[in-house]
Amino acid sequence: MLQVQAIRESKNEFITALKKRNIDAAPLLDKAIALDDKRRETQTQLDKTLAESNTLSKEIGMFFKTGKAQEAKVLKEKTGVLKEESKVLSDTLASVAEELQALLYQIPNIPHDSVPAGNTDEDNEEIFAEGDVPELVSNALPHWELAKKYDIIDFELGVKVTGAGFPVYKGKGARLQRALISYFLDKNAEAGYTEIQVPHLVNEASGYGTGQLPDKEGQMYHVGEDDLYLIPTAEVPVTNLFRGEIVKEEQFPICYTAYTPCFRREAGSYGAHVRGLNRLHQFDKVEIVRVEHPLKSFEALDGMVEHIKNILRELKLPYRVLRLCGGDLGFTSVLTYDFEVFSTAQDRWLEISSVSNFEAYQSNRLKLRFKDKNGKSQFAHTLNGSSLALPRVLAGILENYQVEDGIEIPEVLIPYCGFSKID
RNA sequence: GGAGAAAUGGCAGAGUGGUCGAAUGCGGCAGUCUUGAAAACUGUUGAGGGUCACACCUCCGGGGGUUCGAAUCCCUCUUUCUCCGCCA
C-alpha cells in the first residue's frame, strides 16, 4: 500500500499518474489524508491523556509508600476519569486506523512514468522482439492435438481425477516438464539467484503481505478448515520470507529463485483462449524474487528482463516484450514487462513471464525495511518475475518445434531430457 | 492426538505488582593502548510513533481482562521444547 507521507508530498503527481489506470484518485487520496489527520490528532490526544495518567500513577505509588492513603485516594479518582477518556480515544484511534488501512488497500500502486495510458492489453507497448517464427509443416497442430497424438499430456484423465484445468503429464511430456524446471533453476542459479523451496500453502497474513488479499480473494483456493491458501505463485511465500524483517543494506541485492506449483481458481475466465495449456488451475512455475535498495530497483528490473531474454534466446523461441499499459498493470505494480512467445500453430502470442517492480508498495504491507547509512530504517523495494511459467513455454516448444514425424527438443534441453525427440 | 514445560533486546539469560525499556554476559559500534592487529580497558548499542530538536506515547509471542499502576496476576490463542502415541 502507499505511504500516507508520500500521498501528502506528491498528491497531484499521484492523481495524474493514476489516470493511466483510469482511476480518478483525487477523492480517495483526499480522504486518506483526512483520515490520517484524524488519526494523528487522536493519537496526540491519547498520548497526552496517557502521559497524565502515568504521572499520576507514579505519584499514587509514592503516596502509598509513604503511607499517605488519603492523598492517594484523591488521585485515584482523577485517574479513573483519565482512564475513561483514554478508553474512548483508543477506540476512536483503532477505528480510524482501520478505516485508513482499508482505504489504502483500495488504492493501487502509482504507475511509472514510462507506463503508457490505456485500457486493455491492446494498449500494451511492444518494446522488443526477437527470434524467428519457424516455418511449420502444412498440417501443423495446436499443442492440445499434439499432446494427444504423442500421448504426453492427458487432459481427460485430469478431469476424472480432479476437474478441468488439472492436466496429467505423461512419459516424455512429464520428463520434458521436469527438464524445463531444472533448466530454469540452473539458469537462475547461474545468474546469482539462490534456490529455495517454500511451502505451497500460506496463511492469511502472507496473502495480505504481497497483496493477493483482500482484493483478489476469489482467485485463491482456500482451505477453510485450516484457514490456509494454496499459493497462486511462489511470489507469495518467497516475498513473505521478509515480512517484518529489517535487512542490512549490504545484503542487497537479495535474489531468490523457487520452483512451485501454482493454483488459481481463474473464476470468471472463459472463451476460446483457455484451451489446452493456455489457462490452468494448477501449473508449474519457476519464479525469481528480488529485494533491492530503492535506488537500484529499476536497474534490477532491467537485469531481470535481460536474464529472461537470455533464456528465451537459448530456447530459440520467437518472443516479444511488452510494457503493460495502465489499464493492464497489476494492482501492486509500478512497472511490468510481459514476455510473450509466439505460437505458430495457434497463431497467437502466449504470455510466459511477467516481470514487475513493486517499489515500496509490498514492503509497506510487509514492513520490510533496511537500515540506511544514517541508521534510519526505510522500506526496501521488491520485484519479481516468472522465469518461467511452464505450461505455455511447453505449448510454445511443442508447437514451434513440431516436424513431420514428431517434436524436436531444443538443444539446451536435451541433456536435461535424455532424449532429443518426442515421437 | 495425549501429558508436561516454556516464550523477555542481534544472541544467551535475570527479572513475580510501582523508580523496568528492562540486570549481567556475548556480539556490534566508537575510543585508549599498538607500526598494524589481537588482548585489555573505557564508552556506546532494540523497535515504532511524535518533535526543528527535546518532551512525551506504545511495544517483554498475539489478543483480551484485573489494577490508580502489569514483563510480573487472570483468561484465551499461537508457537517452541520434552515424553508418549501415530506416521511419509
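Note on naming: letters A, B, ... go to the chains in the order of the sequence lines (proteins, then strands), and numbering restarts at 1 for each one. Everything numeric in this text was worked out from a predicted model, so none of it was measured.
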S.K.: Which whole-number value in Å describes the distance from A:Asn203 CG to B:G62 C1'?
M.R.: 13 Å
S.K.: Considering only NZ, NE, NH1 and NH2 on the basic side and carboxylate oxygens on the acidic side, decide whether A:Glu84 and A:Lys87 come within less than 4.0 Å.
M.R.: no
S.K.: In whole angstroms, how far is the C1' atom of B:G50 from the CG atom of A:Asp36?
M.R.: 13 Å
S.K.: Would you give the length of the straight line joining atom CD of A:Glu266 to atom CD of A:Gln282, rounded to the nearest 0.5 angstrom?
M.R.: 13.0 Å
S.K.: Between B:G25 and B:G49, how far apart are the P atoms? Round to whole Å, please.
M.R.: 31 Å
S.K.: Could you tell me the separation between the NZ atom of A:Lys58 and the C1' atom of B:C57, rounded to a whole number of Å?
M.R.: 12 Å
S.K.: Provide the Watson-Crick or G-U wobble partner of B:C33, both distances under 3.5 Å; none if there is no partner.
M.R.: none
S.K.: If pairing requires Watson-Crick or G-U wobble contacts with both distances under 3.5 Å, which nucleotide is the partner of B:C87?
M.R.: none
S.K.: Which nucleotide, in any strand shown, forms a Watson-Crick or G-U wobble pair with B:A71, with both distances under 3.5 Å?
M.R.: none
S.K.: Could you give the distance separating B:G69 and B:G1 at their P atoms, to the nearest angstrom?
M.R.: 39 Å
S.K.: Does B:C59 have a Watson-Crick or wobble mate here (both distances under 3.5 Å), and if so which one?
M.R.: B:G46
S.K.: Provide the Watson-Crick or G-U wobble partner of B:A12, both distances under 3.5 Å; none if there is no partner.
M.R.: B:U24
S.K.: Which residue lies toward the 5' end of RNA chain B, A:Lys76 or A:Ala51, if each is placed at its nearest nucleotide?
M.R.: A:Ala51
S.K.: What distance, rounded to whole Å, do you find between the two P atoms, one in B:U42 and one in B:U78?
M.R.: 48 Å
S.K.: Determine, for A:Asp154 against A:Lys160, whether the closest basic-nitrogen to carboxylate-oxygen distance falls under 4.0 angstrom.
M.R.: no
S.K.: Side chain of A:Leu50: nearest nucleotide among B:U67, B:G18, B:C57?
M.R.: B:C57
S.K.: To the nearest angstrom, how far is A:Asp91 atom CG from B:G64 atom P?
M.R.: 10 Å
S.K.: Just wondering, are more than 12 heavy atoms of other shown residues or ligands nearer than 6.0 Å to NZ in A:Lys309?
M.R.: yes
S.K.: I'd like to know if A:Lys187 pairs up with A:Glu190 as an ion pair, taking the criterion as any Lys NZ or Arg NE/NH1/NH2 lying under 4.0 Å from an Asp or Glu carboxylate oxygen.
M.R.: yes
S.K.: Using a heavy-atom cut-off of 4.0 Å across all strands, would you classify A:Lys371 as base, sugar-phosphate, or nothing?
M.R.: sugar-phosphate
S.K.: Can you tell which of B:C68, B:C57, B:G48 lies closest to the side chain of A:Ser57?
M.R.: B:C68
S.K.: Could you check whether A:Arg365 and A:Tyr105, counting side-chain N and O atoms only, form a donor-acceptor pair closer than 3.5 Å?
M.R.: no
S.K.: Test A:Leu315 against every option in A:Asn400, A:Val341, A:Val412 by the side chain to side chain contact (heavy atoms under 4.5 Å, CB included) rule and name the one that passes.
M.R.: A:Val412
S.K.: Which part of the nucleic acid, if any, lies within reach of A:Leu56 when heavy atoms closer than 4.0 Å are counted: base, sugar-phosphate only, or nothing?
M.R.: nothing
S.K.: Whole angstroms only, please: what is the CD1-C1' distance between A:Ile246 and B:C59?
M.R.: 13 Å
S.K.: Classify A:Thr79 by what it touches in the nucleic acid, base, sugar-phosphate, or nothing, heavy-atom distance under 4.0 Å.
M.R.: sugar-phosphate
S.K.: For the P atoms, the ones on B:G9 and on B:G2, what distance do you get once it is rounded to whole angstrom?
M.R.: 30 Å
S.K.: Where each residue is assigned the nucleotide of RNA chain B containing its nearest heavy atom, which of A:Leu75 and A:Ser377 is assigned the position nearer the 5′ end?
M.R.: A:Ser377
S.K.: Could you work out which one of B:G50, B:G69, B:A47 sits closest to the side chain of A:Arg40?
M.R.: B:G50
S.K.: Expressed as a whole number of angstroms, how long is the span from A:Arg39:CZ to B:C57:P?
M.R.: 18 Å
S.K.: Tell me which nucleotide among B:G49, B:A47, B:G18 gets nearest to the side chain of A:Ile60.
M.R.: B:G18
S.K.: Partner of B:C81 by Watson-Crick or G-U wobble geometry, both contacts under 3.5 Å, or none?
M.R.: B:G4
S.K.: Looking at A:Asn54, I'd like to know whether one of its side-chain N or O atoms comes within less than 4.0 Å of OP1 or OP2 on B:G69.
M.R.: no
S.K.: Take atom CD of A:Glu41 and atom C1' of B:C56, then tell me their distance rounded to the nearest Å.
M.R.: 18 Å
S.K.: Nearest whole angstrom, please: distance from the P of B:A47 to the CG of A:Leu368.
M.R.: 16 Å
